[in-house]
Amino acid sequence: MADAEVTMIPQNYVTLDSEEDITMINRILDLLDEDDDVQEVFHNWDE
């Protein structure tokens with residue numbers, strides 16, 4: 001085995017219906033992606 005990792009898999013998913021909610025979660029994910037200290041981001045949003 002050359003590689004192994006642990007991945008978080010959600011037990012339940014959340015569906016966002018509001019455009020405002022979708023915009024905000026995308027903004028949060030983008031901001032977390034830009035942060036050098038953040039290594040991985042997990043979410044339970046059903047895109």
Side-chain angles (χ1 to χ4, degrees):
M1 186 177 294
D3 189 24
E5 67 180 51
V6 175
T7 303
M8 301 294 293
I9 299 174
Q11 298 276 330
N12 52 13
Y13 290 90
V14 175
T15 303
L16 299 177
D17 299 324
S18 166
E19 277 297 319
E20 180 182 352
D21 292 340
I22 294 170
T23 303
M24 292 301 287
I25 194 70
N26 279 326
R27 182 169 182 245
I28 290 169
L29 292 174
D30 288 340
L31 289 172
L32 288 170
D33 188 39
E34 292 174 5
D35 191 345
D36 293 335
D37 294 330
V38 176
Q39 295 177 0
E40 294 185 54
V41 177
F42 299 96
H43 62 79
N44 64 341
W45 173 33
D46 188 23
E47 298 181 54

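Bear in mind the structure is a predicted one, so any value in this text is a computation, not a measurement.
- Closest approach of Asp37 and Asp35 over heavy atoms only: N-OD1, 3.0 Å.
- The structure places CG of Asp33 at 11.5 Å from CG of Asn26, a figure rounded to the nearest 0.5 Å.
- Applying the under-4.5 Å side-chain rule to Ile, Leu, Val, Met, Phe, Trp and Tyr, the cluster around Leu16 extends to Val14, Ile22, Ile25, Ile28, Leu29, Leu32, Val38, Val41, Trp45.
- Rounding to the nearest 0.5 angstrom, the gap separating the CD atom in Glu5 from the CD atom in Glu40 is 7.0 Å.
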